[in-house]
Amino acid sequence: MSVLVLFLAICTWTANAASTGASDGLLFRPDYTFDNEAGGWLKFHPIPKQWRQAALRCHHEGAILASPLNEGLSRALGAIMEVHGVTTSPVFTGTAAIYTSGEFQSMEGVPISNMCLTWSAEPNINDSNPSCIAMNANGTVTAVPCLDHHPFFCYRKKGVSVLNKCGTVDPEYVFNSKTGSCYKTSKVGLIWKDAYTSCATDGAHLAVINSEEEAQILSDLRRKTFEKETVHAGIRSWNREWITVQGQSLKEAGYAHWRNGEPNNAGGVEDCGSMVENDKDPEAGILNDVPCDGLKHYICEIEA
Ligand SMILES: *[C@@H]1O[C@H](CO)[C@@H](O)[C@H](O)[C@H]1NC(C)=O
Ligand SMILES: *[C@@H]1O[C@H](CO)[C@@H](O)[C@H](O)[C@H]1NC(C)=O
Ligand SMILES: [Ca+2]
Ligand SMILES: [Ca+2]
């Protein structure tokens, strides 16, 4: 790979964008830390994932898998690795040859030739075993199989980002002034625990009903989006004690209104909560217990 050697010879650090940081009033998720040198927000994910899962995780958080695009970002990543004691395993960067073998680009589309990288070993390009660029604690990079598991960083570049009332940049979360929460309806049906995880990745939770009014609002949203379909609710049976995904009993949460005859634990396997139509009896609640392994749509909620 003589081309790569050339990169090293001609690379120059791109100007480290001067950034005033969070002081200009821009905010991002609270689980991210603003880093002046990086010119944006960073979050370290210590739990190793495959490259594609890592990239998706960042995407769901409203960020991208971080790459050492410039000196500032490189230094910031290295510093955080040091703080977390990540010295043995490299971390995945967002730089990979995902579409064309050997054509490394960052998630932002920056080609590797525009980054100033020091290789710890010459990358070994193998078409049948795609490689992704990982960064060592000493700042050098190496090509590793994308299917390996490594920790990673997600990055959100500072820019004009409009946070909504619920502290998310995801425009699909719509604020409701009556409940003071933002809600997002799902695109696909998932089993309960995957729906739970999907909301959690957004920094949200499966919708929890805290009042008759919220029950009505969620009911309307469900009907408008999914018609007669049942959706997952953020409650779970622990030996037939119903606990919300925020750890409260239904009574504490403020809504324990089951549909007539529910919860009936039909077949002895109904450990997950759902929200259903209540049109037959206007007095009835909308909660029903159902099996956890049914694929259903769901609504994620973030309190403002
Ligand atoms: C390329 O990857 C495949 C699949 O992992 C492996 O069997 C093969 O030996 C590798 N070839 C080289 C040249 O490393
Ligand atoms: C940096 O770390 C990698 C992996 O631990 C190692 O292979 C390499 O020799 C180190 N390079 C320097 C310059 O210390
Ligand atoms: Ca709620
Ligand atoms: Ca039931």
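Counting convention: from 1, in listed order, for ligands and their atoms alike. None of the values given here were measured: they were computed from a predicted structure.
- Considering only non-hydrogen protein atoms, atom 7 (O) of ligand 2 sits nearest to S120 CB, 4.1 Å.
- Shortest distance from the Ca ion (ligand 4) to E262 is reached at OE1 (N/O/S atoms only).
- Take the Ca ion (ligand 4) as the corner point: the lines to OD1 of N288 and to OD1 of D289 open at 90°, to the nearest 10 degrees.
- Put simply, N210 gets within reach of the Ca ion (ligand 3), with an N, O or S atom under 3.0 Å from it.
- Exactly one residue among C132, P68, S74 makes a side-chain contact (heavy atoms from CB on, under 4.5 Å) with T93. That residue is P68.
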When you look at Q246 and T244, which way does the side chain to side chain donor-acceptor pair (under 3.5 Å) test go after all the steps?
CA-CA 5 Å; Q246 297 174 302; T244 73; 4.9 Å; no

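- Applying the 6.0 Å contact sphere to CD of Q53 captures more than 12 heavy atoms from other residues, nucleotides or ligands.
- Closest heavy-atom approach to atom 3 (C) of ligand 2 within the set N136, T142, T118: this belongs to N136.
- Judged by distance alone, the side chain of D271 and the main-chain N or O of R236 form no donor-acceptor pair under 3.5 Å.
- Among all protein heavy atoms, the one lying closest to atom 1 (C) of ligand 2 is N138 ND2, 1.4 Å.
- For residue V208, an N/O/S atom approaches the Ca ion (ligand 3) to within less than 3.0 Å.
- Put simply, N265 stays out of reach of the Ca ion (ligand 4), with no N, O or S atom under 3.0 Å from it.
- Among heteroatoms of the N, O or S kind in E270, OE1 lies nearest the Ca ion (ligand 4).
- When distances to the Ca ion (ligand 3) are checked against a cut-off of 3.0 Å, E301 contributes an N, O or S atom below that limit.
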